Amino acid sequence: MHEQRPEARLSPSSDTEDIVTVLAPRLAYFAGVARTEHVTRAAQEMQVPQSTLSRAMVRLEQDLGVDLFARRGRTVSLTPAGRTFLGSVERALAEIERAADEVRADADPATGKVAFGFLHTMGSETVPALIRAFRADHPRVRFSLVQNYGEAMIERLRSGELDLCLTSPVPDAPDLVGRRLDEQKLRLVVPADHRLASRRRIRLAEAADETFVTLEPGYGLRRITDDLCRQAGFRPRVAFEGEEAETLRGLVAAGLGVALLPPPAVARPGVVELTVTAPRAAREIGVAWLDGHPDTPPVAAFKKFLLSKRGSLLPE
C-alpha cells in the first residue's frame, strides 16, 4: 500500500496537456534515480545538484499524488507504483531518443534525407535522372519520393511533409517560393486511325469538335488544357477523366478521344502526337518550397542542384 498525498497538484480531471507539461521535465531525473537507487550517485551521473534532483523527485510525487520511492537516507528503492511508472517512463524516453536520432540523421549533410514531391509525368525519366546526377556528388543522401498532382503536393509542402516539389504551373502564393526551371511542350495526341493522324502540325481550333480525355479537375495539366481550349475558342467536350497521363494515352489509343499531353518517355503504339501551332501549347515546370522554412543541409544541397538545372531540367 502506498500513501495518497493530499497535497497533489494534479487532479484526475486535469487535461493531458497540463499533466505532460508538469511531469515531462522530471522524467529523465526520475529514471536516473530509479536506475541508481541513490540520489547522490544519480546527481553525479546526470551532473545536476543533488538538491535540485531531490526537490524534483518530491515535486514529481506531489504532482502524481503517489509515493514512487521508499527512502532510507540517500538510498532509495522503488515502490510498486514507482516500478509501474518506471516502465512507461523508460519507453517514453527511449521513443524521444529514437525521434531525436532520426531527425539528426535526416539533417546530416552526408546521409540526410530529402522529402521530394513531383508530378506523375516526371516520374519515369526526369526524376530518376535528376537523382542519379545529384547522388554522383552526394552518394549517401536519402530520398523520400512522393508522386502526386500539383494541388496535393502544395498542401503537403504546407503541412511540412515535403521539403521540395516539382510542379506545374509554378505556384504563386505568399507562403510559397516558386522558381521556374523549364518548359515542356504539349502535343495533341490522337488515335492512329484518326482523321488528323496524317498531320504533323495542327491548330487547336481544328479539334473543337473532338471528344477529349483529360486529367481530373485540380490537376495542373487539366487547368492548362481548359485554358488552351478557351484560347482556341471552344470548351472541350470531356468524355473521360483520369489521374495519370499514360492512362489517357491508352484511352486515346483505344479511340475514346484526343488529349493534350506532354511527350511520353517511350513512344506508345496506337497514337500519333501532333505539334500544336496555335495557341502556344506548353507548360512551365518549376520547383517550390515553403517560404521561411529552414532547410537541412541535404535539402539545401538538392535545392541548389535543382536551381542549377534551369533550362536543362527536361530531356530533349
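On a predicted model such as this, the values are computed, not experimentally measured, just so you know.
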Any donor-acceptor pair under 3.5 Å linking the side-chain atoms of [Y] with those of [X]?
X: Glu284; Y: Ser168; result: no
X: Thr275; Y: Arg199; result: no
X: Arg222; Y: Thr214; result: yes

Salt-bridge contact [X]-[Y] (side-chain N to carboxylate O under 4.0 Å):
X: Glu210; Y: Arg237; answer: no
X: Arg180; Y: Glu183; answer: yes
X: Glu273; Y: Lys185; answer: no
X: Asp182; Y: Lys309; answer: no
X: Arg104; Y: Asp101; answer: yes
X: Glu151; Y: Arg223; answer: yes
X: Asp63; Y: Arg26; answer: yes

*Taking Thr75 for its side chain and Arg71 for its backbone only, find out whether a donor-acceptor pair lies under 3.5 Å.*
no
*Would you say Thr52's side chain and Val48's backbone share a donor-acceptor pair under 3.5 angstrom?*
no
If you count heavy atoms of other groups shown closer than 6.0 angstrom to [atom1] of [X], is the number above 12?
X: Phe69; atom1: CZ; answer: yes
X: Arg280; atom1: CZ; answer: no
X: Arg200; atom1: CZ; answer: no

*About how many Å separate CD of Gln184 and CG of Leu119, when rounded to the nearest 0.5 Å?*
9.0 Å
*Output the distance between atom CG (Leu248) and atom CG (Leu215), rounded to the nearest 0.5 Å.*
5.0 Å
*Residue pairs, two or more places apart or on separate chains, that pass side-chain hydrogen bond (donor to acceptor under 3.5 Å, both in side chains) and touch residues 131-148*: Asp106-Arg142
*Any residue meeting salt bridge (Lys or Arg N to Asp or Glu O under 4.0 Å) with Glu125, in chain and number order, not counting sequence neighbours*: none
*asked:* Walk me through whether Ser88 and Arg91 qualify under side chain to side chain donor-acceptor pair (under 3.5 Å).
replied: CA-CA 5 Å; Ser88 296; Arg91 288 191 294 273; 3.2 Å; yes
*Give a yes or no on whether the ring-centroid distance for Phe143 and Phe302 is below 6.0 angstrom.*
yes
